[in-house]
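The block underneath contains the structure these notes are about, expressed in structure tokens.
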Amino acid sequence: MRRSGWLSANRVLSMLPKCVVRKGDTVVVIAGKDRGKSGKVLSVFQRERKVTIEKINIIKRHTKPNQQNRQGGILEREAPIHLSNVMIYCATCQKPVRVGSKTMADGSRVRVCKKCQQLIESPERT
Ligand SMILES: [Zn+2]
């Protein structure tokens with residue numbers, strides 16, 4: 001009985017959506033005001049399922065002078081966008097693609113492009 005309990009717990013875990021996007025990946029925005037633009041993922045927020053992308057979804061924040069920034073003024077920074085609005089860019093297909101996963105001979109799991117089956121490299125492992 002305990003064993004079946006474990007199995008169902010594992011099944012629930014494997015059903016959770018996985019974050020396929022990793023820091024350093026090149027992604028393409030497929031929705032919103034930056035649609036069609038691509039950039040490098042700066043950070044991934046697993047729990048919120050959001051990412052920040054270099055030069056994408058820039059928000060301007062008006063800041064008052066403080067200890068770190070004596071002048072104050074307008075601060076530009078990337079705002080997180082939801083993972084469902086981005087797709088991984090495949091350098092081989094030269095377009096945004098869906099990502100699958102494959103188990104290598106040594107047991108490690110890698111991401112592959114579902115179109116051309118090319119490996120999608122993880123530039124920065126975190
Ligand atoms: Zn591809």
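- In the hydrophobic clustering of this structure, Leu83 groups with Ile88; members are Ile, Leu, Val, Met, Phe, Trp, Tyr whose side-chain heavy atoms approach within less than 4.5 Å, directly or through other members.
- Ile120 and Tyr89 fall into different hydrophobic clusters, defined by Ile, Leu, Val, Met, Phe, Trp and Tyr side-chain heavy atoms under 4.5 Å apart, directly or through other members.
- Between Arg22 and Arg111 there is a side-chain heavy-atom pair separated by less than 4.5 Å.
- Listed here is the closest heavy atom pair of Pro96 and Met87: CB-CB, 3.7 Å.
- When the options Lys55, Lys60, Arg61 are evaluated for a side-chain contact (heavy atoms from CB on, under 4.5 Å) with Glu76, the one that passes is Lys60.
- Taking the salt bridge (Lys or Arg N to Asp or Glu O under 4.0 Å) definition, one finds that Glu48 meets it with nothing, sequence neighbours left out.
- Here the straight-line distance linking atom NZ of Lys95 with atom SG of Cys90 works out to 9.5 Å at 0.5 Å rounding.
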| task | Would you please test Thr52 and Val41 for side-chain contact (heavy atoms from CB on, under 4.5 Å) and show each step? | result | CA-CA 6 Å; Thr52 52; Val41 173; 6.0 Å; no
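- Contact check for Ile53 versus Ile81: side-chain heavy atoms found under the 4.5 Å cut-off.
- Glu78 has its side chain within reach of Leu42: a pair of non-hydrogen atoms, C-beta onward, lies under 4.5 Å apart.
- For the pair Lys114/Val99, no side-chain contact is recorded, criterion being any heavy-atom separation below 4.5 Å from C-beta on.
- Side-chain contact between Thr63 and Ile74 is absent, with no heavy-atom pair separated by less than 4.5 Å.
- Arg109 and Ser101 are linked by a side-chain donor-acceptor pair at a separation below 3.5 angstrom, with hydrogens and angles left out of the test.
- A distance-only check finds a donor-acceptor pair linking the side chain of Asp106 to the backbone of Ser108 [under 3.5 Å].
- Separation of atoms CD1 (Ile59) and CZ (Arg77) is listed at 5.5 Å; rounding is to 0.5 Å.
- Other residues, nucleotides and ligands contribute more than 12 heavy atoms inside 6.0 Å of the NZ atom of Lys33.
- Here Ser84 contributes atom OG and Arg49 contributes atom CZ; the two are 8.5 Å apart, rounded to the nearest 0.5 Å.
- Judged by distance alone, with hydrogens and angles left aside, the side-chain atoms of Asn85 form no donor-acceptor pair with the main-chain N or O of Val29 at under 3.5 Å.
- Side-chain atoms of Ser38 and Thr26 include no donor-acceptor pair closer than 3.5 Å.
- The two atoms that bring Val44 and Val21 nearest to each other are CG2-O, 3.7 Å, heavy atoms only.
- Between Cys116 and Thr92 the shortest heavy-atom distance is SG-CB, 3.8 Å.
- Lys37 places a side-chain heavy atom less than 4.5 Å from the side chain of Ile56.
- Here the straight-line distance linking atom NZ of Lys102 with atom SG of Cys113 works out to 11.5 Å at 0.5 Å rounding.
- For the pair Arg35 and Ile30, the tightest heavy-atom approach, listed with the atom from each and the gap, is CD-O, 3.1 Å.
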